[in-house]
Amino acid sequence: MYQSAPFFVCLIILVLFSSTESCELRPVHAQVPKRLPTGYIISRGTEGLNLKGCAVKPVAFTSSDPDFAVKTDGTIITVRGMVITRKTFSVLVQDESGFDWRVDIILSCTDKASQKSGNVVHKRFKRRWRPLPFSVVENDGPKFPKEIETIASDSSVNHTVYYVISGPGVTTDPVGLFILNKDNGMLSATRAVDREQYPQFTFMARVFDRVSNLETDDPLPITVIVEDKNDNAPEFSGSSFFSVPEHCKAGTVIGQVNATDKDQAKTPHTLIKFTLLNATDMFSIDAFTGVLTAKTNTLDREAQDKVYVSIEIRDMGGAPDGLFNRGTVIITLTDVNDNPPTFKEKLYKAQIQENQENVLVLRIPVEDKDLVNTANWRALFEVTKGNESGNFRMETDPKTNEGLLYVIKPFDYEKTPMVKLEITARNEAPLVGTTASWLSVPVELSVGNEDEGPEFSAPILRLKVKENVPNGTLIGTYTAVDPETKSGNGIKYYKTTDPGSWITVVENTGELRTANTIDRESPLVFNNTYNITVRAVDESKKTGMGMVIIQIEDENDNMPEIPGSELVICHKGDSLGSVLVEVVDKDESPYSTPFHFELGAEHVGKWRLKDITSNSVVLEQTVDMPNGLYNVPLLVKDLQGFGKEQIVKVRVCTCEREENGLGACGARSASASLGSWGILALVLSGLLLLLLCLLLIFMCTTKREKLYISDDTGTGGMLLKSNTEAPGEEVKEEALMKIPGPDVVDGSVHGFQVMDSKNVGLAGGHYGHQYIQGGGMYNSTTQEFGTEKYSIAGHNNNSLYGNAMYQKHSNTSALDTWRTNERYLGKKLAYFRDEEEGRFANDLLKTYGHEGQGSSAGSVGCCSILDEQDSLDFLNTLGPKFRPLADVSTKNVQSGN
């Protein structure tokens, strides 16, 4: 048996070795609800991971799914709520020996037994780099460099390697903070580092073969965590000014004091405690939130309006070794109306003369401890007693807050020699936080006596009078007395206003008598009343005024009347029309409505009345009547039977159009009823049209025209057509010229014009007159208009008179017929008609007194020959255009004509 013991020992070692090298882990199956809340436990401890016999001692757990977390004891919990039907993830387990194990977690929400899955074989493998991560303490003291940790790669077993690092803290800012011994992989820090500036560094480590300089392993990120030290004291942040109403309730939140700490959050280094150093009887503060509250309800702004509170903030939860700071916050107590206005005196006195009004009689000062110029301080005053008649008005001086007492209605010393008042002062805002109430003060006001004018027995006297009473009728008496003597002796009465002069006032007695007819329907009467004013004058010439209101009673002095001059009945087709007749009566009931209506006897059978109301009746046709104006007698009486027969003018017409839904007479009816003014308008319109036609005929046929003359020399003149058929006997035969007309055939003249001393004729059917003077021809039709122009063909000299040939320069045929002349004359007329008025002046020749510079004739004005009235030598200097006229003039003078 002992011989077989080594065998069993070897067998046990072999089993243990094989189980260690090839540990087989089964997946973890867990049934869970379909909805998983946050913090739900999937499995508990390492037993739930089936690690028994595999891992030596687990030191770290990592979940492949971020929705799940693994605690340090191996318990798996949910990080967030979720809904699942089936889910699979894995947990990576690291043990002390450096091996990693992976366990599959399978979650199912069904009630059925989970199906068995094949065993998953998990093989152990070693890390390539170790250990991870590294850490340093911030602001660590010397000496430097200070070793942190060794970086090692498993490839160093098979290779001779060296290490290289790069990244933040090595090759980038802060450069050179970390250095690495490339031979043994020792990482060191060269200086202190501030965690508040650099809480963590992540740089890259690489390993190379010393011979080939090739990387023997994959690069590995190296993380260096800077561990926090409590090296920063807390600091105040936010506002340091707060406010709270005075007399607020205890526990009222005032505000929150804020503080920050630069050290690592959620550590004792940043756990700040707040402590009040003063004013602890008035305020309190939460130790860890910094919320300020009122500790009492007796905070009084009038005693202290601002409180300076010192506060200490200390980290490490207020531990004695914690860092701290101190600061001051200012708490302002805001005002509430807890103080009513108070009077400085217990009694106020004043005096006023009688008959004074709208005068200031007293200023009443008050004191108020509340904040000045606020609704809690501003006072409002009221006369709470003694102002039943409304004689007083109270105001507040906005600067001094004093009460101002005004008398707005005058006092009568004889009636009220003394007035006692009570005045109450209050604020604009109601009282709060106090048991006090509004205060009042008595005021005594004495009225001074003055000599006054007479006073009427009543300021307003009301009288009733029937209208149309006889003149001189006594309607009443209005008297006055002296207020001091209570006597009416020596007082005289005068009328001040009387719009219609209806009333006479007896001077010595104050009697009121009618002076003219009182008419209730007069426009001077309003609402059946008529007003007059009366003045009373005593012996000292003081006066008093009074008013008399006369109520006028109605009488039946007005008949019912039918307003309007004409009514219209508009009917369609064979239907009979009707019209509403309305009646008015200036009197009032019972002297007016309801009215009684009757038709006159002449129209019985043609008209009838229906739909009678109190003040109207419908007048309706009973037979068809032709269109026209009818006079219908209608008897109208009021309720008392007072009335007369009146003529209603009714126009019957045919409806031609609709206006506002009602028929109206159309154009045919209007023409049938055309009056004398319409006929006169038609006659005047016809005469005006006839006058316009005559004017147009006159303008077209007038024989006196002003012609624009164009000649070769450019000089101008004006020729007027004359009704004289011949130029006169003084014109010689030499002036006669034959002018070829528009028809010239084979050298013979078929149409020509002759100008001699006997006549001016027109031959060949040519219209217009042509004049030849000094070799130039002036033709009334030879103007430039339209697109055609006429000119003279031939020489322009003094010897050529009889054989001038006229040619027409035009794009159309020769002007050889009567129709052609008519067409161009029509264009000429259109030319004169269409142009503006100023165009005629431009179209005419203008005569000048001087011929212009270089003219041989010089001036032909009347004043140029005053000195040589008997000399005719200037005729020899005339130009060729005036030579024929000069010859004729010379012969007439010589012959004595």
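The figures that follow rest on heavy atoms only: side chains count, while hydrogens, waters and symmetry mates do not.
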Legend entry - Charged N-O contact under 4.0 Å between R651 and E566: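 A salt bridge is present here (some side-chain N lies under 4.0 Å from a carboxylate O).
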What residues, two or more places apart in sequence or in another chain, satisfy salt bridge (Lys or Arg N to Asp or Glu O under 4.0 Å) together with [X]?
| X | value |
| --- | --- |
| E402 | R363 |
| E561 | none |
| E539 | none |
| E507 | K492 |

Inset, instruction - Give every residue pair that meets the side-chain hydrogen bond (donor to acceptor under 3.5 Å, both in side chains) criterion with at least one member in residues 453-472, sequence neighbours excluded. - result: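 Applying side-chain hydrogen bond (donor to acceptor under 3.5 Å, both in side chains) to every pair that reaches into residues 453-472, excluding sequence neighbours, yields N468-D557.
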Inset, instruction - Return each pair, listed once, that meets side-chain hydrogen bond (donor to acceptor under 3.5 Å, both in side chains) where at least one residue sits in residues 521-533; pairs must be two or more places apart or across chains. - result: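 Every pair satisfying side-chain hydrogen bond (donor to acceptor under 3.5 Å, both in side chains) with a residue in residues 521-533: T497-T533, D498-Y530, R520-N528, E521-N558, N528-E588.
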Legend entry - Residue pairs passing the ring pair (Phe, Tyr, Trp, His ring centres under 6.0 Å) test where at least one lies in residues 576-596, sequence neighbours excluded: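 Those involving residues 576-596 do not exist here.
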Legend entry - ring pair (Phe, Tyr, Trp, His ring centres under 6.0 Å) contacts touching residues 396-419 (sequence neighbours left out):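 Residue pairs with at least one partner in residues 396-419: F392-F411.
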Legend entry - All pairs passing salt bridge (charged side-chain N to carboxylate O under 4.0 Å, His left out) where residues 619-638 contributes a residue, at least two apart: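 Checked against salt bridge (charged side-chain N to carboxylate O under 4.0 Å, His left out) - neighbours excluded - the pairs reaching residues 619-638 are R608-E620, K610-E620.
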Donor-acceptor pairs are to be reported for all side-chain atoms of residues 438-446 against protein atoms at under 3.5 Å, with residues two or more places apart or in another chain.
residue: S440; atom: OG; partner: T424; partner atom: OG1; Å: 2.6

Which atom pairs, donor and acceptor, lie under 3.5 Å between side-chain atoms of residues 639-649 and protein residues at least two apart or in another chain?
residue: Q640; atom: NE2; partner: P590; partner atom: O; Å: 2.7
residue: Q646; atom: OE1; partner: I562; partner atom: N; Å: 3.2
residue: Q646; atom: NE2; partner: P560; partner atom: O; Å: 2.7
residue: K649; atom: NZ; partner: N631; partner atom: OD1; Å: 3.4

Inset, instruction - Return the set of residues passing ring pair (Phe, Tyr, Trp, His ring centres under 6.0 Å) with Y478 (not counting sequence neighbours), or none when no residue passes. - result: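 Per chain and number, Y478 pairs via ring pair (Phe, Tyr, Trp, His ring centres under 6.0 Å) with F456.
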